[in-house]
Trainee: 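Below is a structure I'd like to ask you about.
Chain letters run A, B, ... following the sequence lines, proteins first, then strands; residues in each count from 1.
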Protein chains: 2
Amino acid sequence: MASAMLIRQDDLRLRNRHLVLSAVRVGGATSRTALANRTRLSHSTISAISADLIGDGVLCESPDTMQGRRGRPQIALALQPQAALVVTALLSLNNLSVALVDYAGKVQAQRRCDLPTTSMARSDLLDLVTSEIAELISARPWPAAAVRRIAFAIQGVTDAEARSLLWSPITPHGDVPFADLLEARFGVQTTVENDCNMLVFALQQGDPALYRSNFVALLLSHGIGMGLMLRGEVFHGTRSSAGEFGHVTHQPGGARCRCGRNGCIEAYAGSYALWRRAKGLPPTEMPEKAVSDAQVEDLMVAARERDGPEREAFHEAGTAIGYGLGSLFALIDPAPVALVGIGATAFDLLEEPIREALARTLGGQRSEAFSFRVVERPNMALTLEGGALHALTTLDAEIAGVAASALPARSTAAAAILR
Amino acid sequence: MASAMLIRQDDLRLRNRHLVLSAVRVGGATSRTALANRTRLSHSTISAISADLIGDGVLCESPDTMQGRRGRPQIALALQPQAALVVTALLSLNNLSVALVDYAGKVQAQRRCDLPTTSMARSDLLDLVTSEIAELISARPWPAAAVRRIAFAIQGVTDAEARSLLWSPITPHGDVPFADLLEARFGVQTTVENDCNMLVFALQQGDPALYRSNFVALLLSHGIGMGLMLRGEVFHGTRSSAGEFGHVTHQPGGARCRCGRNGCIEAYAGSYALWRRAKGLPPTEMPEKAVSDAQVEDLMVAARERDGPEREAFHEAGTAIGYGLGSLFALIDPAPVALVGIGATAFDLLEEPIREALARTLGGQRSEAFSFRVVERPNMALTLEGGALHALTTLDAEIAGVAASALPARSTAAAAILR
DNA sequence: ACACTTTTTTCGAAGCTCGAAAAAATGAGC
DNA sequence: GCTCATTTTTTCGAGCTTCGAAAAAAGTGT
């Protein structure tokens, strides 16, 4: 509960450096006075810290400020774009996207390629990932600026330390230590995380009013992914990325799922499940190749047009999602739901069964109160953006000095005592 | 005014006071040198802080120390029992238990009474609760010592601020602002929390090696409750106590549950569900009166003796729990499970179907790896103990000065910036 | 008694934040 | 063009805190 951490004298300064840096990242270019108000630190402290940070080449003064007022003009402090670069990458079904982002958060280069993730050999996959990133880095705008972090997002389960892919439906290869590999190849600290866990960062930054500190992001695509923001923190499992909403059981012993088990939510609501149901294929069968977004859109058209198997497919999907959300909300409390991915565009077909199922599981809580919102931006762009954000905020902590000195040794001692 | 200036610096001292206090609470009587090692603070700092805390009447020197060694003998620092008193209370089905605990954690007085929670009027319930606590307080051992906190645990859903009972299966009355009422009556800060959320504290303290920072406590009694310790913190919902494992859907549209809905886990695994199933009553029916522990034990005897409806009842209960844990573990990752309550004594009957269901939901993860442990101590005692612990650790923070003084304004500002 | 060992306290140095006052940099007015 | 008003930013001394080293304290062993 009261998660006090041991702070030594010098750690105090590091913490406040971090506070200032984060304030600039969240609020954009900001004058010292505004920073003092926002951080509640004194003007003198802000002055000292910002001088340090400018000296470190992390912040820079940008004359761009509101003119025309009386008095000494404000000097806005902004993130120095050339302070660092980060790589953000997303490996999803048959697709690899990478982007190079500067310290201020601007995309400097981008690549993407198609690849047969489900069938390619382990070594080919690794080679392609590293070569794509190598190509990307070679396009760096300022040769002097170092690439400081790689944020690698994957559709699949990663370990709690964000170092390996444990299992994924998009590739038969498990326990792939991407972080070790990329760190060895590029000498850059790397985190490997579930795609939906990165996506939530982008949602939060994109609309902080709507997606503040508690919300659910549901990715409806070939599979079903979830990202959970609780109390301002992305929810992680203790051993893995967890949050496997798509593999919560909907029907004990039900339809066959990609994961090899039966009755998972995904086995009713994933693209392939929609296709299977709409085409009247047996629920034990797995489609050989990926169901494309275009194919799902065809199903949507048909479902909207007339009663029939397509409409039933979406209805069953909505029911599965609704019951799943009911179980989730029983465990964590209701929260606004952001729907992302191709399936989100079918929300008109899904809403009724979702709300119906929710009403059956969360009875009293008037189900109209549950807020759903369809996010228009493509999920891949959101995930890449979220990955960059994650890399940059982690980097902020390191640059401020919090991560390097204060946390590792001491926090364990304090945490053990304070639980 | 003193609180307005030098906030940051003061804050540092307050945190370290808290750190020292917590170290003594967790580790028991401890010498200054040992404290310095554990907290990683310097000897000088420990010396200064402990002098302060002794001066405040919070700690005391106890000569009880390991003798016979060379050198200056250690002086153990212990919690001063008379520094404060706390009340811990538990309202469960037809039962109210209260205890008075001193600052060192020793029970000084205790009471319990039976009461018809399901049928009594709202005002009668409130009167009985207050009068029991009033009687308890009158038994205080040191009239000078103040009662500083009341921890009120309830079988039911409480609000996230720990102030009200929102809904409970043990009483028809909802939205009962127990915290406001008790604070008004006794002038003592009060928290109202779910019983299982308190219970986990006692488990953790009772066996820190086994129940460290990640585990699940499952209370199998008339209903099914759950307490979740994740990363060393008790999991709370954002609006309510949440963690309503018993009301996760097991079978859409299935057996009737006390909560008024259908197919909840509790409707298969609660005492009343066992009774209903074993006696061949229809799954739509609700038993009129509570099923006693003795009755459940009779079912267990019968189930162990021969094949029949009793055995099937336990089998179905285990299946429901197993699937529920499967869903839970898909969302939060597997963790050791502590089984508490009358139903836990039937673990021999439940284990097989639980593991079977788990194997179906969490496929690969060899289900033998899931650790279950039956806790012998009665759940009521555990919950009371946990409540006291919770009250005392909260009080520690307040006494250290972390909660009371300057923090509120800043921590929100910093939290908003640092997310 | 005296030496040895271990714990605890004392003391000065260094660092941090803070509030107040000074300095800087501009617009407004004559 | 000069001065005054206004707002931002820096400077400065005071008051904390923590830390390391040295001193003091309080026993045991011989």
Side-chain angles (χ1 to χ4, degrees), chain A residues 5-20 29-55 59 61-77 400-401 405-406 410 414, chain B residues 1-20 29-55 59 61-77 400-401 405-406 409-410 413-414:
Chain A
M5 251 181 30
L6 172 54
I7 304 181
R8 292 216 293 251
Q9 191 72 24
D10 42 339
D11 293 340
L12 194 52
R13 169 45 81 78
L14 300 184
R15 241 177 76 107
N16 287 337
R17 278 167 65 98
H18 188 199
L19 195 62
V20 169
T30 314
S31 77
R32 289 172 174 81
T33 318
L35 278 176
N37 293 335
R38 274 210 246 153
T39 60
R40 302 284 179 104
L41 292 167
S42 71
H43 288 200
S44 3
T45 305
I46 294 291
S47 201
I49 290 178
S50 54
D52 280 0
L53 291 174
I54 291 173
L59 291 184
E61 298 190 331
S62 79
D64 154 44
T65 173
M66 47 212 297
Q67 295 286 10
R69 302 176 50 198
R70 276 187 85 149
R72 180 174 174 170
Q74 302 184 2
I75 306 166
L77 295 173
S405 82
R410 183 166 25 275
Chain B
M1 61 177 257
S3 67
M5 45 194 227
L6 297 176
I7 297 177
R8 278 287 183 196
Q9 211 72 10
D10 264 358
D11 200 19
L12 191 54
R13 172 42 83 78
L14 299 184
R15 277 176 200 250
N16 286 336
R17 277 167 65 99
H18 187 199
L19 194 62
V20 170
T30 315
S31 77
R32 290 171 175 81
T33 316
L35 279 176
N37 293 336
R38 275 211 245 150
T39 60
R40 302 280 182 103
L41 291 168
S42 71
H43 288 197
S44 4
T45 304
I46 294 290
S47 202
I49 289 179
S50 56
D52 281 0
L53 291 175
I54 290 171
L59 291 183
E61 299 190 330
S62 79
D64 153 45
T65 174
M66 46 211 299
Q67 296 284 11
R69 303 175 51 198
R70 282 188 82 152
R72 180 173 175 173
Q74 302 185 1
I75 306 166
L77 296 174
S405 94
R410 177 172 36 278

Trainee: Working note: A:Val20 + A:Leu41, criterion side chain to side chain contact (heavy atoms under 4.5 Å, CB included); need CA distance, chi angles, decisive distance, verdict.
Mentor: CA-CA 9 Å; A:Val20 169; A:Leu41 292 167; 4.3 Å; yes
Trainee: Taking for each residue the nucleotide of DNA chain D with the nearest heavy atom, is it A:Ala48 or B:Ile49 whose nucleotide lies nearer the 5' end?
Mentor: A:Ala48
Trainee: For B:Ser50 and B:Leu77, which heavy atoms make the closest approach, and how far apart are they?
Mentor: CB-CD1, 3.7 Å
Trainee: Specify the residue among A:Ile46 and A:Gly71 whose closest nucleotide of DNA chain D lies further upstream toward the 5′ end.
Mentor: A:Gly71
Trainee: Among D:dC19, D:dT11, C:dT8, which is the nearest nucleotide to the side chain of A:Ser47?
Mentor: D:dT11
Trainee: Mind calculating the distance between CG (B:Asp11) and P (C:dC16) to the nearest angstrom?
Mentor: 17 Å
Trainee: How close or far is atom C1' of D:dT28 from atom CZ of B:Arg69, stated in whole angstroms?
Mentor: 12 Å
Trainee: Can you check whether B:Thr45 has a side-chain N or O nearer than 4.0 Å to OP1 or OP2 of D:dT17?
Mentor: no
Trainee: Does A:Arg13 make a side-chain N or O approach to OP1 or OP2 of C:dT17 shorter than 4.0 Å?
Mentor: yes
Trainee: Tell me the closest heavy-atom pair linking A:Ile54 and A:Glu61, and the distance in Å.
Mentor: CD1-CG, 3.7 Å
Trainee: Distance check needed: D:dG20 P versus B:Asn37 CG, whole Å only.
Mentor: 12 Å
Trainee: Report yes if at least one side-chain N or O of A:Thr33 is closer than 4.0 Å to OP1 or OP2 of D:dT9; otherwise report no.
Mentor: yes
Trainee: When the distance from CZ of B:Arg17 to C1' of D:dT17 is rounded to whole Å, what number comes out?
Mentor: 14 Å
Trainee: Round to the nearest Å and state the distance from B:Leu77 atom CG to C:dT7 atom P.
Mentor: 13 Å
Trainee: Locate the shortest heavy-atom distance separating A:His43 from A:Ala36; write the atom from each residue and the value.
Mentor: CD2-CB, 3.2 Å
Trainee: Respond yes when some side-chain nitrogen or oxygen of A:Asn16 is under 4.0 Å from OP1 or OP2 of C:dC16, and no when none is.
Mentor: no
Trainee: Hey, which sits more toward the 5' end of DNA chain C by its nearest nucleotide, A:Ser44 or A:Arg70?
Mentor: A:Ser44
Trainee: For A:Thr30 versus A:Arg38, what's the shortest heavy-atom pair and its separation?
Mentor: OG1-NH2, 3.3 Å
Trainee: Tell me the interatomic distance from B:Leu41, atom CG, to C:dT8, atom P, rounded to whole angstroms.
Mentor: 15 Å
Trainee: In whole angstrom, give the distance that lies between atom NE2 of A:His43 and atom C1' of D:dT7.
Mentor: 11 Å
Trainee: D:dT10 phosphate, OP1 or OP2: any side-chain N/O from A:Arg32 under 4.0 angstrom?
Mentor: yes
Trainee: Write down the distance between CD1 (B:Ile75) and P (C:dT6), rounded to a whole number of angstrom.
Mentor: 17 Å
Trainee: With hydrogens left out and only the distance checked, is there a donor-acceptor pair under 3.5 Å joining A:Arg72's side chain and the base of C:dT26?
Mentor: no
